[in-house]
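Chain identifiers are assigned alphabetically (A, B, ...) following the order of the sequence lines, protein sequences preceding nucleic acid strands; residue numbering begins at 1 within each chain.
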Number of protein chains: 2
Amino acid sequence: MDAESRKIPTHEVTYARLRDMILYGHLEPGAAVTIQGLVSDLGAGMTPVREAIRRLSAEGALEAQGNRRVSVPKMTAGMLDQVAFARLTIEPKLAEMAAANLTPALILRLESIDAQVDRAIRKGDIPAYLEANHAFHFCLYEASDAPVLVDMARSMWLRFGPSLRVVCAQHGADALPDQHGQALAAMRAGDAAGLKAAIELDLAQGVDQVRLALEQGNI
Amino acid sequence: MDAESRKIPTHEVTYARLRDMILYGHLEPGAAVTIQGLVSDLGAGMTPVREAIRRLSAEGALEAQGNRRVSVPKMTAGMLDQVAFARLTIEPKLAEMAAANLTPALILRLESIDAQVDRAIRKGDIPAYLEANHAFHFCLYEASDAPVLVDMARSMWLRFGPSLRVVCAQHGADALPDQHGQALAAMRAGDAAGLKAAIELDLAQGVDQVRLALEQGNI
DNA sequence: GTTCAAGAAATTTGATCAAATTATTGAGGT
DNA sequence: ACCTCAATAATTTGATCAAATTTCTTGAAC
C-alpha cells in the first residue's frame, strides 16, 4: 500500500508467492491448484492468479491436465533422470562461469547465507533450509552473468522443489547435503574447477536422495 | 467453430499463434509486443492475449522491459553463447534418446518432412523452411519420451527463432544448413551415435551462421 | 524573433475486476 | 448402465482505473 509496494504489480507479487509455495514445498506433489482457491487464499483478483498459474505452467512448475485442471506435478523416475541430467549439465557450468566474476564481497555474502543454511539444519527447520539453500545456489549462479542458463536452472529447481521437500520431511533436515563448505573453500582459493566439482557433488547428493525415496515409493 | 475447435480454448490458440509468429520470424528482434495490438490483430480478447504473453515471457520468447512493455529480445553475443551451449547439450542428447524409440513409420514421417525442407529451400520459401525444419527436429525429439528436455529445447528455439529468420533473409534460403540427410541415414542404420553427431553438426552450423551475422552487426 | 527546454495535457497502453458464459464432474434417477 | 441435471470451476468479455509515453504549449534565454 506504500509508495514502494504500489509500484510492483499484483500479478508479479502473486506469481512470486505461488512460485515460493511450490519451491519451498508448501504444495505437495499431486496437489490440485485452482484459480478460485488461490483467489481466496492469496486475496488477489482472478486475472493476476490466472497469469501466475500460466507462467508457472510454462516454467514446468505446474502441470495442465488437459481438462482445465492444474496441479503440482508428481515426480516420476523418467522426469527425475531428465531433471538430473539438465541440472548436472547447467549448474556446474554456471558455478564455473560465476567463479570468474567472484568478488570478496560476494564470497562474504555467500558465507553468510551458508551460515543460515547451517542454522536451519541444526534447528531442523526445513522451510528455512530450503529457502537458504536456494538462496545460496542462485546467489552464486547469478554472478555468472548468464541469465538464459540461470532461467533454465530456475525451471529445474521448480520441478525439483516439491519432491525435495517430501524427502526432507521424511529424513529430517540433518540428513541433508551441505557441500557448501567445499564450494566456499574453492571460491576463496579462486579454484573454478574445484567449485564446479563441489557444486556437482552437492547436486548429485540431492538427486540421489530423491531417487532413493522415489524407488521406495515414498513420493 | 466445429466441435473440434470448440474444445480447444481461446488462450491456447492465441498462445500457439503468437508463439509461431515468434518462432517463424514474423516478428523481428526488438519489435514491441502490445496487448492491444494483438487483441486487434488476432481478434482475441484481452485475457487470452495477456496469458499468451506471460507464457511466452516465461519461456524466454519475449522480454519484459521493466516499464510494463514487452518486446522480442534482440540477440547478443552473450545470449548466443548460452543458447548455443544449452542447445548443443540438450538436443544431441534428445536425438540419441530418440534413436532408441525410432520405428520405420516414424523414419518415414521424418523423411517426408525433410522432403518439405528441401522443397522450401529450392523455392527459397523461408517461412516454409523454418516451419519444416522445426517440425523435423521436434518430430525427432518428441520420440525421445523426455518431455522435460523437449520443453527446454523448445525454449531455446524460441530464443533463437527471430535471429535465424533475419539471417535467412540476408543469405537466402539455399545457404542454409541441411544436415538432415546424414541424420536420416544414421536413423535407417540404427546408429544412435551417428544420429547424435549429425544433429550436433546441424545445430553448430545454424549457430555459426547467426554468430557470423551478429559479429558483422547484421542483427 | 527564434530556439530550446520544462512542464502539463492528451493519448496510448497496461492492470485489475466483476459479471456472463461455458465446460466438466458427480450425483441421482430411469 | 446410461442419461439428465445441478453444482462447481474455468473461460471470456467488457468496463474501469492507473501508469507511461508522447505531444503540445509556454516561457525564458540568446
Check nucleotides 11-16 of chain C against the protein and report each pair of N or O atoms closer than 3.5 Å, with its distance, or say if there are none.
{"residue": "C:dG14", "atom": "OP1", "partner": "B:Ile35", "partner atom": "N", "Å": "3.3"}
{"residue": "C:dG14", "atom": "OP2", "partner": "B:Ile35", "partner atom": "N", "Å": "2.9"}
{"residue": "C:dG14", "atom": "OP2", "partner": "B:Gln36", "partner atom": "N", "Å": "3.3"}
{"residue": "C:dG14", "atom": "N7", "partner": "B:Gln36", "partner atom": "NE2", "Å": "3.0"}
{"residue": "C:dA15", "atom": "OP2", "partner": "B:Arg50", "partner atom": "NH1", "Å": "3.1"}
{"residue": "C:dA15", "atom": "OP2", "partner": "B:Arg50", "partner atom": "NH2", "Å": "3.2"}
{"residue": "C:dA15", "atom": "OP2", "partner": "B:Arg54", "partner atom": "NH2", "Å": "3.3"}
{"residue": "C:dT16", "atom": "OP1", "partner": "A:Thr10", "partner atom": "N", "Å": "2.5"}
{"residue": "C:dT16", "atom": "OP1", "partner": "A:Thr10", "partner atom": "OG1", "Å": "2.6"}
{"residue": "C:dT16", "atom": "OP2", "partner": "A:His11", "partner atom": "N", "Å": "3.4"}
{"residue": "C:dT16", "atom": "OP2", "partner": "A:His11", "partner atom": "ND1", "Å": "2.9"}

Using whole Å, report how far CD of A:Gln65 lies from C1' of C:dT25. 13 Å

Which of parallel (below 30°), tilted (30 to 60°) and perpendicular (above 60°) describes B:His137 and B:Trp157? tilted

Separation of B:Leu106 CG from B:Glu111 CD (nearest 0.5 Å): 10.5 Å

Give me the one residue out of A:Arg109, A:His180, A:Arg119 that meets side chain to side chain donor-acceptor pair (under 3.5 Å) with A:Asp114. A:His180

Pair B:Arg50 + A:Glu51, salt bridge at N-O below 4.0 Å: yes

Under 4.0 Å between a side-chain N/O of B:Asn67 and OP1 or OP2 of D:dA19, yes or no? no

A:His134 side chain reached by A:Tyr24 side chain, heavy atoms, under 4.5 Å: yes

